[in-house]
Structure formats: structure tokens, C-alpha cells
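The structure presented is a predicted model; accordingly, all values stated were derived computationally and were not measured. One-based numbering, in listed order, for ligands and for the atoms of each.
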Amino acid sequence: MLLVCRAVDEDAVRERIHARVPTPHGTTMCRIGDQLLVHVPGDQLALADEMHESGLLLRAVTDHSGAPLTDREAVPPGSIVELGGSATVGGVDFALIAGPCAVESYEQLSASAAMARAGGAVALRGGAYKPRSSPYSFQGLGDQGLRIMAEVRAETGLPVVTEVVDAATVELVAEHADVLQIGTRNAQNFSLLKAVGQAGRPVLLKRGFGCTVGEWLQAAEYVLAAGNPDVVLCERGIRSFEPATRFTLDLSAVAVVKHLSHLPVIVDPSHGTGHRHLVKPLALAAAAVGADGLLVDIHPEPATALCDGDQALDRDRWFDLATALRDVLASLGRDLTLREPESAGQAR
Ligand code: PEP
Ligand code: MN
């Protein structure tokens, strides 16, 4: 059962729960804005009545989903996640996050950041630690990549999103980056999910390419159960029998998750398709299906990219996408917080 309380009453609520719920196992708490969400195992009707009478309970919700903290009913209007600076995901905002797959050098990231910003992105992406299928592929610059990201962040003011691949480096990555990305291959690494739940940074949680929507939401539940409400979900394609695209971008999952959960959902049409000519159509479709934003691979010189160059957009394609997106979102009556692409006119 989920008990929705006021965050200001946290101490009194904790006291009451500890007195009433004999085994704390399965009891989780997460503060979202001015509300404190408390999940207690089973239906604790007596406890709910008692808390209601003492004015500690705003409402109680029966847990049907097994992921009560991420359930839509916990925050019916939907939650808004702050990425850093003034960038947010969720609500009326449509957030564009763009950058290279991997940080390759200061020059490459700095040029990518300028491109990202000019196209209207609110945050910069880039991998320093790259989980590659082959040990012979570029593995990322590691700590050096983090330092480059922090430098570009300081120069541009763009919050940076980067992947953290193991619990041992969570603290280091959290020192340098604004948002911790959990990649598809780590989507069910539960010790890592618990660690990012305690890192004090927003988390961008990719869907595991072999995960059902339910398993994806359970993964998010781990992060919230560790006390971190700031989770952005990212659909990035699932494994299917179809080889024409790198993965099968499951846009129906966006609509499903928007229905089931209060967490914002963005889409990665780059990793989802693997081909730059497919990024624009799938990005526009993602906006149309109700996504809260996009994570897009861009590169100043895709032909030289050390990682995933085939799916990276060059400047012209990126500006073309940003312009087309504005039209699609406007036609849906969505409020745009997307910045005007600076040279959209030239790009057209
Ligand atoms: C990425 O975004 O750089 C990445 C590796 O994505 P995924 O985990 O979805 O493959
Ligand atoms: Mn990649």
C-alpha cells in the first residue's frame, strides 16, 4: 500500500511507520516535491486509518502494479525532473538532449556542444565510459572524458548527461556530471541502480533491450526506493527478429509508460535505429506519441566518429530535425520550451 503524506511531517510519519510496521523489509520512502511517498508491504488499513486521524495521511493507494513509487497514481499530474541549470524534463516541456555518442576530445565535445545548443538542446550528452559489445572497440576516454565534459559544461552552461557503468565510479561521475545515465546493458544491474539512487543526481534510465515495460519500471522503482525521485525513463529500442534496424524502437511503450507511470519518458531514436536517415522520422513519431523529449546522437564530423558514427546527425541534419520537431509539437498544441534553432533558416 502506498501512503501519500506531507514531506514536512516526515519525522512523525517515520515514527508512526516504525511503531506500526514490525518488519521494515519492503518499506520504502521517497520524497517528491512537497510529498512523501511511503510504500508499506500489504494492505495496512489500520495504519492508514490511524495516520488519517492524526492528520498525517493525504491519501492511501492500493498497490496494483508492484512498482508503487513510480506508479502514475503516486503523482497523478506527472513528475518533472530538473536536469541542472534551468533544464527540466516532463510537464509541458519537450526536452532535447544531444551530443556525441562518446567524448573523443575537448575540440570534438566543444564543437558538439555549440551544435547542440544552436539546435535548441537543453543538455549535452556524451559517454566517457563506453559499454561496448566488443573489447576491441573504442572504450571511451574514462576519467579524462569526464574532465572534458566538466570543462565544456563550465564554458557553455549546458548540463551534461553521461553513462555510469559500475557502482565503483558513481561518486566520481556524479562529481563531474549533472545527470547519470544507466545504459541498456546495465538496466537491471540492481547494485548500480541502488548506488545511483543515493548519488544525489538525476538519473536517465534506459530500457534494457530485453526488458518488458514492467521490468523497466521495476528498475526505476529501485532508484526511487533508494530515495531518488529524479528519474527520466528512456526508450531506446528492444531486441527483435528484425535486422533492418539496430534495435526495434518500441514507441508503443512510450504511450504505455505515460499511462502507467508519473515519470517522464524520452526516446533515443539514434541507438534505436542505428542509421542517421531513420533518426528524423522516429524522432518526430516519438514527439507525436507523447514523449517528453529526445536523446539524439550528433557529431561535428560523423565520418570520423570513434563510436556509432552511422547514427550521428551532422549539423544540417540536426538543424533540420530541430526545425521539423518544432512544427510537429506546435501542431499538437504543446508548449514549446525548445529554443529556436539559431540557424534554422540557413539549414532549411
Ligand atoms: C548511449 O546512449 O551512449 C548508449 C550506449 O546507449 P544504450 O545503453 O541505449 O545502448
Ligand atoms: Mn552509442
* **Proximal ligand 1 atoms for Gly183, defined as those under 4.0 Å from one of its heavy atoms** => 8 (O)
* Pairwise side chain to side chain donor-acceptor pair (under 3.5 Å) hits with a residue in residues 158-171, at least two apart -> Asp166-Thr169
* Asked: Quick one: ring pair (Phe, Tyr, Trp, His ring centres under 6.0 Å) partners of Tyr129, sequence neighbours excluded?
  -> none
* Structure fact -> Ranked by distance from atom 10 (O) of ligand 1, the top protein heavy atom is Arg236 NH2, 2.8 Å
* **Summary of salt bridge (charged side-chain N to carboxylate O under 4.0 Å, His left out) pairs that have at least one residue in residues 191-217, sequence neighbours excluded** => Lys206-Asp268, Arg207-Glu235, Arg207-Asp250
* How far is atom 8 (O) of ligand 1 from its nearest protein heavy atom, and which residue and atom is that? -> Thr184 N, 2.8 Å
* What residue and atom, counting heavy atoms only, is the protein's closest point to atom 4 (C) of ligand 1, and at what distance? -> His271 NE2, 3.5 Å
* Structure fact -> So the protein N/O/S atoms within less than 2.8 Å of the Mn ion (ligand 2) come down to Cys101 SG, His271 NE2, Asp308 OD2
* **His262-Glu73 side chain donor-acceptor pair, cut-off 3.5 Å** => no
* Asked: Can you list the atoms of ligand 1 that are under 4.0 Å from a heavy atom of Lys206?
  -> 1 (C), 2 (O), 4 (C), 6 (O), 7 (P), 9 (O)
* **Geometric cation-pi criterion, Arg236 with Phe247: 6.0 Å, 45°** => yes
* Structure fact -> of all protein heavy atoms, closest to atom 5 (C) of ligand 1 is Glu163 OE1, 3.7 Å
